[in-house]
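Since the structure comes first, as structure tokens, the remarks are kept for the end.
Model, not experiment: these values are computed from the prediction.
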Amino acid sequence: MARTGGGDPPSLLGGMPSAAADVGAYDLDVVAGESQPVLVELTVPKRTTDRGLVDGLVVPTGTFAGVRMVEPALSDEGVADLLAEVAHSPDGFAARGDTATRALAILAATAAALCGDDIRTALRSPDTAFLSGLSGGAVDAVREVLLGIESDEPAEMEQALRAALS
């Protein structure tokens, strides 16, 4: 290695030199056939908790005041339009569920929106096998968009959703 500036070359493993260091320019001479691969271990941080798709999803009515809300009377077209927009925005939404069937449809439509699948089809016929098989990362993505489902009877609705997904 030929040095063209002052100071020691910055360490490849030690990060950048401090601002006070005398930094110069370095030319690296690479000899053909003599380079060695550098192994770098890349890891994904371990999840501290495994949150299921339904864990904490259903909450009492009124929990999400001020959050974009899907009301039970909103048509499938209206839900699909909202999901097409909100799936790619930094803000999530909540839904009010009057039935577990509608709550399951909203859950399936949210996953479909994130996957680029047909939202209207997911609303009409939720794919429970697909939902049950979502990876931890996919569950997190769905839950970042669908913040929760409000219900007058949250325990009963959660139980019905769990039954549908088991």
Side-chain angles (χ1 to χ4, degrees), residues 10-19 37-166:
S11 167
L12 293 178
L13 299 177
M16 298 300 293
S18 70
V38 176
L39 299 178
V40 177
E41 183 177 344
L42 300 176
T43 60
V44 176
K46 293 187 180 180
R47 295 169 53 138
T48 55
T49 60
D50 284 328
R51 175 172 67 166
L53 193 57
V54 179
D55 295 339
L57 179 67
V58 185
V59 296
T61 300
T63 301
F64 289 106
V67 172
R68 185 182 294 194
M69 183 68 65
V70 171
E71 297 290 343
L74 187 61
S75 69
D76 284 357
E77 292 298 316
V79 172
D81 289 345
L82 181 136
L83 282 172
E85 176 189 334
V86 80
H88 305 290
S89 72
D91 302 322
F93 77 99
R96 274 200 192 93
D98 54 354
T99 67
T101 301
R102 186 62 172 172
L104 181 62
I106 298 291
L107 188 59
T110 303
L114 292 170
C115 293
D117 290 341
D118 189 312
I119 298 168
R120 290 164 185 81
T121 299
L123 284 166
R124 284 190 304 275
S125 53
D127 186 346
T128 56
F130 173 75
L131 291 173
S132 297
L134 291 176
S135 69
V139 166
D140 289 344
V142 169
R143 294 297 302 276
E144 285 177 14
V145 173
L146 177 57
L147 304 174
I149 299 174
E150 293 186 347
S151 172
D152 291 334
E153 299 175 347
E156 291 82 359
M157 184 174 289
E158 180 177 325
Q159 184 178 13
L161 286 174
R162 287 187 188 283
L165 296 172
S166 62

Spatial distance of atom CD1 (Ile149) from atom CG (Asp98) [nearest 0.5 Å]:
11.0 Å
Between OG1 of Thr110 and CG of Leu83, what distance do you get to the nearest 0.5 Å?
4.5 Å
Main chain of Ala163, side chain of Ser166: is a donor-acceptor contact present, judged purely on distance under 3.5 Å?
yes
Measuring from atom CG of Asp81 to atom CD of Glu85, what distance do you get when rounded to the nearest 0.5 angstrom?
9.0 Å
Would Asp127 and Asp117 count as a side chain to side chain contact (heavy atoms under 4.5 Å, CB included) if you check the C-alpha gap in whole Å, the side-chain angles of each, and the deciding distance to 0.1 Å?
CA-CA 11 Å; Asp127 186 346; Asp117 290 341; over 6 Å; no
Taking side chain to side chain donor-acceptor pair (under 3.5 Å) as the definition, give me every residue that meets it alongside Arg102, ordered by chain and number, with sequence neighbours left out.
Asp76
Minimum heavy-atom distance Phe130-Ala111, with the two atoms named:
CE2-CB, 4.1 Å
Check step by step if side chain to side chain contact (heavy atoms under 4.5 Å, CB included) holds for Arg162 and Leu53.
CA-CA 9 Å; Arg162 287 187 188 283; Leu53 193 57; over 6 Å; no
To the nearest 0.5 Å, tell me how far Ile106 CD1 sits from Leu161 CG.
11.5 Å
Minimum heavy-atom distance between Leu123 and Pro126, given as atom pair plus value:
O-CD, 4.2 Å
For Glu156, does the CD atom have more than 12 heavy-atom neighbours from other residues, nucleotides or ligands under 6.0 Å away?
yes
Would you say Thr61's side chain and Ser151's backbone share a donor-acceptor pair under 3.5 angstrom?
yes
Just so I know, are the side chains of Leu146 and Phe93 near enough to count as touching, which here means a heavy-atom distance under 4.5 Å?
yes
For Ala94 and Val67, which heavy atoms make the closest approach, and how far apart are they?
N-CG1, 4.0 Å
Taking every non-hydrogen atom, the tightest pair across Val54 and Arg143
C-NH1, 4.2 Å
At their closest point, which heavy atom of Ala113 faces which heavy atom of Ile119, and how far apart are they?
CB-CD1, 3.7 Å
Show the numbers, then the answer: is there a side chain to side chain contact (heavy atoms under 4.5 Å, CB included) between Arg68 and Asp91?
CA-CA 9 Å; Arg68 185 182 294 194; Asp91 302 322; 5.7 Å; no
Whether the side chain of Glu150 engages the backbone of Thr63 through a donor-acceptor N/O pair (distance < 3.5 Å, no angle test) should be reported.
yes
Trace of the side chain to side chain contact (heavy atoms under 4.5 Å, CB included) decision for Leu57 with Leu147:
CA-CA 7 Å; Leu57 179 67; Leu147 304 174; over 6 Å; no
Going by heavy atoms in the side chains, are Leu107 and Leu165 under 4.5 Å from each other?
yes
